[in-house]
Amino acid sequence: MKTFFRQTKGYRLVSLLSPLLILVEVILEVRIPFVMSDLVTYGVQGNAGFDYVLREGLKMILMAFVSLVAGALAARFAAVAGMGFGSNLRSAVFEKIQNFSFANIDRFSTPSLITRMTTDVNTIQMAYTMAVRVVVRSPFMFAMAFYYAHKINADLANIFIFAAPALLLLLGGMALIALPRFKKLMKKYDGLNSSIQETLINIRVIKAFVRARHEKDKFQLSNDELRDASISAEKLLILANPFMQLTIYVCIVLVFWFGGKLVIGGTMEIAKLTAFINYITQILMSLMMISMIFVMAIMSRASLTRVIEVINEKPEIDDSGADPSLKVADGSIDMENVCFKYQKNGQKNVIDNINLHIKSGETIGIIGATGSAKTTLVSMIPRLYDATEGVVKVGGRPVSDYTLQNLRNEVAMVLQVNLLFTGTIEDNLRWGNENATQDEIENACRIAQAHDFILSLPDGYKTELGQGGVNVSGGQKQRLCIARALLKSPKILILDDSTSAVDTATDAKIREGFKENHGDVTTLIVAQRISSVEHADRIIVLDDGKIDAIGSHEELLGTNKIYTEVYTSQQEGSEK
């Protein structure tokens, strides 16, 4: 509840004003039939005179107007409170996700996080808006209407004393059964989002392999499961409304039956019975709204649990104990007895007992077979993952001593998957340095061999990129990502197979540009091609998460079996 309450910040006043205005609206709305009853009894049928009728009539008009204004303001304040609360909640979830490590994201999965930020938050937002208005209005209207009905005729009003508990027991029993079904329903939303996301991201592969029918079948399966879960969850709630209406209409029949007898017997005025029937209507409306609250409460309860799970999730990587004033002194890297596994209770280490010392300004190549944990190894330097055992040091200090911002500001990483964002080429490049001058941007692009192809585009650096950079080639995306990383002016530059989509000539020019302009930067090059790392000061050969050998190209060639086999196979391939 504390987590929930924090999200109302900035909207607590309107959240309070709305129910207060609703109280005013309900008091006046419920009072009007009673005034009307007196007006008919004493003013029309009695001898109170025209002045009494005029006074009471004006009173009713004024009460109706004030009730209308109060209701309209309450609705507006409730809408503002609900939208604001939803915005705060969505921001809280998004901010928490930004602090997640890769392990946290893997635990929830991306489609599930999207569902929680959209479908779940929207459900909670609607429930909050309804709660601000209806949760106060319905019980209060029921109590006020019952009070005035009891004041008119206590015996007739007692009919509802038996009806209300029966309805509450019915709704409570349904809630116990429906809640697990709604939790299951939300998981089916996760499955549907996963299917849609995977299809849209991989649409080119799907078309290339003519697998559209297969993906349609997968989507249909997820869609059918969601439909069945929705029916299972909501069919129980659908029964609530008929039972409620049956109970209410039985009460109305009883009121007409016994009330009619009282009127015929002369013990109750027709005006009083009319007012009593108005109160029956108000009681009916309040119970119907209580039914709506019940349905929304069950749906929002399942969604709220899922959203709170994200907000309360503890990030795997935390820098709360770090020194904010500590800066990275240089680009030296040390790994001492480092081990890593993705699951803490996993059987086997992905990285196993790595001991490594890299001087600031060195260029280090990292090569190895697919699955040898090359990417995992370099990911521990900017703390994308934390070592399970051992210590990773940067600038002579353990990486945990730095805040994530200070550490990652000095480490630029070009990932295997080259991601660009919607916006211009210049906007994407400024991710490296938002204050970079145009000359700095162009210089970084020249080193990355991207400047010429950018100028060939219709709008140059102002060219708009589609989502993920769909309107540029793979090699062009890689060069833009390299330029973006260079603009950070980092102390450590990690190139994770970042030239795999460019030709060898361009690769050589990029390496030459690094050497001339960034020779003082510690550079780690993860690659599959020997030509990409043979110029490095030292080359690390990884095998199944362990260091098999370290040395220069000349030292490893002919002495290390893995390196020699890779070199020979690539040389033979190039000759063919």
Side-chain angles (χ1 to χ4, degrees), residues 101-103 106 331-343 346 348-358 362-390 392-394 399 408 411-419 474 478 481-482 485 490 492-502 504 507 510-511 514 521-553 555-557 560-567 569-570:
S101 67
F102 287 177
D106 292 342
S332 62
I333 302 167
D334 299 285
M335 294 187 178
E336 300 172 358
N337 303 314
V338 170
C339 298
F340 174 80
K341 46 190 171 187
Y342 290 107
Q343 301 294 333
K348 183 182 177 183
N349 287 328
V350 177
I351 297 290
D352 193 15
N353 197 33
I354 295 291
N355 285 280
L356 183 62
H357 304 282
I358 300 172
E362 270 195 292
T363 298
I364 302 295
I366 302 175
I367 200 162
T370 301
S372 58
K374 301 185 295 295
T375 298
T376 305
L377 180 69
V378 297
S379 294
M380 289 190 286
I381 297 170
R383 289 193 76 191
L384 298 180
Y385 290 110
D386 262 347
T388 310
E389 298 176 35
V392 178
K393 294 181 179 180
V394 170
V399 289
R408 291 174 182 173
V411 181
M413 192 168 185
V414 183
L415 301 169
Q416 283 178 315
V417 180
N418 300 284
L419 294 177
Q478 281 192 334
C481 289
I482 292 170
I492 299 172
L493 176 63
I494 300 172
L495 304 173
D496 187 1
D497 208 14
S498 57
T499 57
S500 59
V502 300
T504 53
D507 186 11
I510 293 173
R511 293 199 308 272
F514 285 162
V521 176
T522 304
T523 306
L524 278 69
I525 305 172
V526 179
Q528 299 290 341
R529 293 192 304 215
I530 294 290
S531 60
S532 296
V533 298
E534 63 182 349
H535 68 289
D537 298 319
R538 288 186 291 162
I539 301 168
I540 300 169
V541 181
L542 279 182
D543 182 31
D544 196 24
K546 299 177 182 178
I547 294 179
D548 189 73
I550 301 178
S552 66
H553 173 69
E555 291 169 344
L556 293 173
L557 193 60
N560 181 262
K561 182 180 178 182
I562 296 174
Y563 191 84
T564 303
E565 286 179 354
V566 173
Y567 178 79
S569 65
Q570 291 182 4

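Everything quoted here is computed from the prediction, not taken from an experiment. Just the heavy atoms: all of them, side chains too, but no hydrogens, waters or symmetry mates, feed the values below.
In this structure a side-chain-to-backbone donor-acceptor pair under 3.5 Å is present from Thr523 to Val521. Without hydrogens or angle criteria, Asn349 side chain to Lys341 main chain gives no donor-acceptor distance under 3.5 Å. Proximity of a side-chain donor or acceptor of Asn353 to a complementary backbone N or O of Asn337 within less than 3.5 Å is not detected.
Taken from CD in Glu534 to CG in Leu556, the straight-line distance is 12.0 Å, to the nearest 0.5 Å. Separation of atoms CD1 (Ile492) and OG (Ser332) is listed at 7.5 Å; rounding is to 0.5 Å. Between the CD atom of Gln528 and the OG1 atom of Thr370 there is a distance of 5.0 Å, given to the nearest 0.5 Å. Taking CD1 from Ile494 and CG from Asp496, the interatomic distance works out to 8.5 Å, rounded to the nearest 0.5 Å. We find the CD1-CG distance between Ile547 and Asn355 to be 7.5 Å, quoted to the nearest 0.5 Å.
Closest approach of Ala412 to Ala485, counting heavy atoms only: CB-O, 3.6 Å. Closest approach of Leu524 and Ile366 over heavy atoms only: CD2-CD1, 4.2 Å. Taking all atoms of both residues into account, the shortest heavy-atom contact from Tyr563 to His553 is OH-ND1, 2.7 Å. Looking at every heavy atom in both residues, Ala387 comes nearest to Val392 through CB-CG2, 4.4 Å. When every heavy atom of Ala536 is checked against every heavy atom of Gly365, the shortest pair comes out as CB-N, 3.6 Å. Of all heavy-atom pairs spanning Ile539 and Val533, the tightest one is CD1-O, 3.4 Å.
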Between Ile550 and Glu555, does the side-chain contact (heavy atoms from CB on, under 4.5 Å) criterion hold? Intermediate values first, please. CA-CA 9 Å; Ile550 301 178; Glu555 291 169 344; over 6 Å; no
His535 and Ile525: CA distance, side-chain angles, deciding distance, side-chain contact (heavy atoms from CB on, under 4.5 Å) verdict: CA-CA 11 Å; His535 68 289; Ile525 305 172; 3.7 Å; yes
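The side-chain heavy atoms of Val399 and Ile381, taken from C-beta on, include no pair separated by under 4.5 Å. With contacts defined as side-chain heavy-atom distances shorter than 4.5 Å, the pair Ile351/Met380 qualifies. The side-chain heavy atoms of Ile358 and Met335, taken from C-beta on, include no pair separated by under 4.5 Å. Taking the side chain as every heavy atom from C-beta outward, Lys348 and Asp544 approach each other to under 4.5 Å. When side chains are defined from C-beta on, Ser379 counts as touching Met413, because their heavy atoms get closer than 4.5 Å.
In this structure Thr376 satisfies the side chain to side chain donor-acceptor pair (under 3.5 Å) test together with Tyr342, sequence neighbours excluded. In terms of the salt bridge (Lys or Arg N to Asp or Glu O under 4.0 Å) criterion, residue partners of Lys393 (sequence neighbours excluded) are, by chain and number, Glu336. Take Asp386 and apply the side chain to side chain donor-acceptor pair (under 3.5 Å) test, not counting sequence neighbours, and it matches Arg383. Listed by chain and number, the residues in a side chain to side chain donor-acceptor pair (under 3.5 Å) with Ser372 amount to none (sequence neighbours excluded). Applying the salt bridge (Lys or Arg N to Asp or Glu O under 4.0 Å) rule to Asp352 yields the partners Lys546; only residues at least two apart in sequence or on another chain are considered.
Of the options Ile333, Ile540, Ile364, a side chain to side chain contact (heavy atoms under 4.5 Å, CB included) to Leu356 is made by Ile540 and by none of the others. Of the listed residues (Ile367, Leu557, Ile562, Asn560), just one forms a side chain to side chain contact (heavy atoms under 4.5 Å, CB included) with Tyr567, and that residue is Leu557.
Under the 30°/60° scheme for interplanar angles, the aromatic rings of Phe340 and Tyr385 are found to be tilted.
Among residues at least two apart or in separate chains, there is no salt bridge (Lys or Arg N to Asp or Glu O under 4.0 Å) pair with a member in residues 370-381.
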